[in-house]
Amino acid sequence: MSYIKKLKCRECGKTYPKEALYVCEYCFGPLEVDYDYDRIKKDLTKDVIEKRAKNLWRYKELLPIERMPTDGLFSGFTPLIRAKNLEKYLGAEEIYLKDDSVNHPTLSFKDRVVAIALSRAKELNFDTVACASTGNLAHSVSAHAAIAGLKRYIFIPESLELSKIVASLVYNPVLIAVEGNYDQVNRLCSEIVNKYKWAFVNINIRPYYAEGSKTFGYEIAEQLGWQTPKHIIVPCAGGSLITKIWKGLKEFKNLGFINSLDTKIHAAQAIGCCPIVTAIKEKSDIIKPVKPDTIAKSLAIGNPADGIYAVETVKESGGTGEYVSDEEIIEAIKILAGEEGIFTETAGGVTLGVTIKLIKQGNIPKSESIVICITGNGLKTQEAVLDKIGIPIKIKPNIKSFEENIKL
Ligand SMILES: *Cc1c(COP(=O)(O)O)cnc(C)c1O
């Protein structure tokens, strides 16, 4: 039983059949999934959701599949953690961490979008999936496709961290390292998608894929007891996650699952790649592409596909945008580990670093509730902190050496 009506151009509203289409032939706007919200309202209640298994498919009526979910059956419903130590450290009253660094199976938020993309790709009868990736998507597509028994072609920029290459190759995809940055990889994939009948999760399947990000917002609201926080700080690469968290919260409001929506959405980027935050700061609705140069490689998209919608989200919600330096990213990674025991990747350092800045600037009042999005796992970007965290103390295997070297 399907709740998808059709695909619809976000810009001009022209509609298309629910196939592997992604761009409007008339105005080149992106296509979005259009649902039968009247039927969803009849069939889906908070009660129904709460009784379901703890994975992202508990919201399946609001996700773009037509049959039973077949992929990502353990993805999503990650912990929302009250960060007591961090509250004390920052002098703030109510901070939560939405922790996708423990998502299943590949430890990043990308397991959400890929769960939806592959379920849909199978419904559309594809036998091969592919993606252009800054790292986490490569792992996620490789792993989910392995589980689903699909052929997999993964395109990455060759400069990716070693640990991220290993975390893809282990799933045995065809891994293609392109001599260029992500934006060049993406351009190449846009050409390939026209020639081969593959499901590129973030290109021709993108309208379905992107909907997976809504579950990040749904879960925040449900886990707070069907309420939303005053602030959500979201890391931005292509600008899809931030846009869809907002869409998801608005859907919950319209369905009556939350009573009010008074949440400011804040965009977080690294100084070395901040086209979205720059546009927000300059109050411009034009995204000027940049050449990325940052340790936050998972966010290093210089020409973000949903950049203008990210800016629109921030504006509509009354939020802000802020960036941090590579040093601030590392500092924030260490704070999160030291205070809350969570080892996040550079993207999480960006989000926490930006949160700290926004609190210091007074843009986030210390008395208001804050959710910080932790979207990836630090074990994948160990290079970023390797020479910034000290070294072990070497001793001989006897008590004398222990007492000589360790000052208690
Ligand atoms: C992909 C990704 C994001 C968000 O990406 P968008 O393209 O803006 O949706 C955030 N954090 C991590 C770790 C990611 O891999």
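Bear in mind the structure is a predicted one, so any value in this text is a computation, not a measurement. Indexing begins at 1, ligand by ligand and atom by atom, following the structure's order. In what follows, residues are counted from 1 in the order of the sequence shown. The analysis underlying the following values was restricted to heavy atoms, covering all of them including side chains, and did not include hydrogens, waters or symmetry mates.
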For this session: For the pair K164 and E345, find out whether any cationic side-chain nitrogen is under 4.0 Å from an anionic carboxylate oxygen.
Result: yes
Exercise. G239 heavy atoms, cut-off 4.0 Å: which ligand 1 atoms fall inside?
Worked result: 6 (P), 7 (O), 8 (O)
For this session: Report yes or no: is the cationic atom of K281 (NZ for Lys, CZ for Arg) under 6.0 Å from the centre of the six-membered ring of Y323, at an angle within 45° of the ring normal?
Result: yes
Exercise. Should I49 and F257 be marked as a side chain to side chain contact (heavy atoms under 4.5 Å, CB included) after you check the CA-CA gap, both sets of side-chain angles, and the distance that decides it?
Worked result: CA-CA 10 Å; I49 293 171; F257 293 174; 3.7 Å; yes
Exercise. In terms of residue, atom name and distance, what is the protein heavy atom nearest to atom 11 (N) of ligand 1?
Worked result: T375 OG1, 2.6 Å
Seminar exercise, completed: The atoms of ligand 1 lying under 4.0 Å from a heavy atom of A347, numbered in the order shown, are 11 (N), 13 (C)
Exercise. Honestly, is K214 close enough over Y218, meaning NZ or CZ under 6.0 Å from the six-membered ring centre and within 45° of the axis?
Worked result: no
Problem set entry | R10 to Y309 six-membered ring, cation-pi geometry met (6.0 Å, 45°) | yes
Problem set entry | Pi-cation contact, Y209 with R120 (under 6.0 Å, within 45°) | no
For this session: Enumerate the atoms of ligand 1 whose separation from the nearest heavy atom of N136 is less than 4.0 angstrom.
Result: 13 (C), 14 (C), 15 (O)
Problem set entry | Lys/Arg-Asp/Glu bridge criterion (N-O < 4.0 Å) met for D34, K6 | yes
For this session: Give the residue and atom name of whichever protein heavy atom lies nearest to atom 6 (P) of ligand 1, and the separation in Å to one decimal.
Result: G238 N, 3.5 Å
Problem set entry | Nearest-neighbour protein heavy atom for atom 4 (C) of ligand 1, which is reported as residue plus atom name and distance | F109 CE2, 3.6 Å
For this session: Return the residue, atom name and 0.1 Å-rounded distance of the protein heavy atom closest to atom 5 (O) of ligand 1.
Result: A237 CB, 3.5 Å
Seminar exercise, completed: Logged contact type for I242 with ligand 1, heavy-atom cut-off 4.0 Å, is neither
For this session: Could you tell me whether the side chain of T294 and the main chain of A270 form a donor-acceptor pair under 3.5 Å?
Result: no
Problem set entry | atom 9 (O) of ligand 1: the protein heavy-atom neighbour that sits closest, reported with distance to 0.1 Å | L241 N, 2.8 Å
Exercise. Heavy atom under 4.0 Å from ligand 1: found in S240's side chain, backbone, both, or neither?
Worked result: both
Exercise. Looking at atom 14 (C) of ligand 1, what's its closest protein heavy atom, distance included?
Worked result: K110 NZ, 2.9 Å
